[in-house]
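Before any comments, here is the structure.
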Amino acid sequence: MNSHLERRRTIIIIGYSWNKSNQKYTDDDFADLRAAGARKIFADSVDTPALERPEFKEMLAYVHTGDEIVIMSLLELGDDNVDVSAALNAVCSRSASLNILNLPSFASVHDASERWQLTCLLRDVTEFASLRDSHPHAGFGLTSEHHGERGRKREYAPDSPNPVKRGIYHDVLRMLTESLPVTQIARTVGINRKQIYRIKEYAQENGDLVSSFSIRKRA
């Protein structure tokens, strides 16, 4: 996330489509994407996972923080939970959000940061589903590792199993050491102000924030 937090341009809507039957696209195939506001459309027609498709990779390189990627359904991202989870993780890592046209809940969310959080929540669900698919008889102890109060697994931490949330944790610490307003930090990383304060409190407890300030003073 660090590489593109500073750069900014007008947020745009980008369309993406996948036709694994290798058939040629027509303008009619993109009508719904354009109706949803897509100004630029990327389309693949190869039967491979999303992360191996040339247009999907080009789209990831094109998007910026806050941009919206509109797709017809989750099936555009893959045939199984593993592929869909990997594709969603790539989108979340770019701080972009999805608008899935056949999921009405997405259309009702207009705030860019909230839509990004919804996208990443969907990523977490599919990631969990993919783990259950590969280990159908295993028990998943969601609170086996504990961080913070009440034995709950800390969501944003330096050792978070989620690389996106690990990155957000370090981004928040960096911006706190730069004395940026909490409201601005929340808007930049796409989480609410209350969560920023939780990260700050946790970082002060384990010494991360003190260490960050020390590094800044020596620079």
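Start at 1 with the first residue, then count along the sequence. Just the heavy atoms: all of them, side chains too, but no hydrogens, waters or symmetry mates, feed the values below.
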Output field: ring centroids F42/F56 closer than 6.0 Å: no
Between L60 and A90, which heavy-atom pair has the shortest distance, and what is it? CD1-CB, 3.7 Å
Treating R94 as the side-chain partner and V63 as the backbone partner, does any N or O pair qualify as donor plus acceptor under 3.5 Å? yes
Note: I191 and Q117 closest approach over all heavy atoms is CA-NE2, 3.9 Å
Please report the C-alpha distance between W116 and L121 in whole Å, then the side-chain angles of each, then the deciding distance to 0.1 Å, and finally whether the side chain to side chain contact (heavy atoms under 4.5 Å, CB included) criterion is met. CA-CA 9 Å; W116 178 77; L121 175 62; over 6 Å; no
Which pair of heavy atoms, one from S73 and one from N102, lies closest together, and at what distance? CB-ND2, 3.2 Å
Closest approach of V91 and S97, non-hydrogen atoms and distance? CG1-N, 4.4 Å
Donor-acceptor under 3.5 Å (H170 side chain, I168 main chain): no
Separation of E201 CD from I196 CD1 (nearest 0.5 Å): 13.5 Å
Would you compute the distance between atom CG of L74 and atom CG of L98 and round it to the nearest 0.5 angstrom? 7.5 Å
Partners meeting salt bridge (charged side-chain N to carboxylate O under 4.0 Å, His left out) with K200 (sequence neighbours left out): none
Any sub-3.5 Å donor-acceptor pair from T126's side-chain atoms to R123's backbone N or O? yes
Does any non-hydrogen side-chain atom of I14 lie less than 4.5 Å from one of E68? no
Taking the ring centre of each residue, are Y202 and Y156 less than 6.0 Å apart? no
So do the side chains of L122 and L118 get within less than 4.5 Å of each other, counting heavy atoms only? no
Keeping the roles fixed (side chain from E76, backbone from W18), state whether a donor-acceptor pair exists under 3.5 Å. yes
If every non-hydrogen atom of F30 is compared with every non-hydrogen atom of A43, which pair is closest and at what distance? CZ-CB, 3.7 Å
Is the backbone of K194 close enough, under 3.5 Å, to the side chain of N192 for a donor and an acceptor to pair up by distance? yes
Do V84 and L75 sit in one hydrophobic cluster, given that two such residues count as connected whenever their side-chain heavy atoms are within less than 4.5 Å of each other, even indirectly? no
Let me see the working for I13 and N99 under side chain to side chain contact (heavy atoms under 4.5 Å, CB included), right down to the final yes or no. CA-CA 9 Å; I13 299 176; N99 180 9; over 6 Å; no
Spacing of R115 atom CZ and I69 atom CD1 [to the nearest 0.5 Å]: 11.5 Å
Reported OG-to-CD1 distance for the pair S17 and I71, which is rounded to 0.5 angstrom: 9.5 Å
Nearest 0.5 Å please: distance from the CD1 atom of I185 over to the CZ atom of R187. 11.0 Å
Please tell me if the side chains of D208 and Y169 come closer than 4.5 Å, counting only heavy atoms from C-beta onward. yes
Once side-chain contact (heavy atoms from CB on, under 4.5 Å) is applied, do any residues pair with P181, and if so which ones, sequence neighbours excluded? Q184
Nearest heavy atoms of A38 and I41, plus distance in Å: CB-CG1, 4.1 Å
Does this structure show an ion pair linking D124 with K165, if we count only N-O contacts that are shorter than 4.0 Å? yes
Backbone N or O of S45 within a donor-acceptor pair of the N19 side chain at under 3.5 Å? no
Might you work through the salt bridge (charged side-chain N to carboxylate O under 4.0 Å, His left out) test for D67 and K40, ending with a clear yes or no? CA-CA 12 Å; D67 284 347; K40 185 176 180 63; over 6 Å; no
Before giving the answer on side chain to side chain donor-acceptor pair (under 3.5 Å), spell out for Y16 and R53 the whole-Å C-alpha distance, their side-chain angles and the decisive distance to 0.1 Å. CA-CA 12 Å; Y16 178 74; R53 303 174 203 159; 2.9 Å; yes
Sorted by chain and number, sequence neighbours left out, side-chain contact (heavy atoms from CB on, under 4.5 Å) with Y197 holds for V182, R193
Atom pair SG (C92) and CG (L88), whose distance is rounded to the nearest 0.5 Å: 6.5 Å
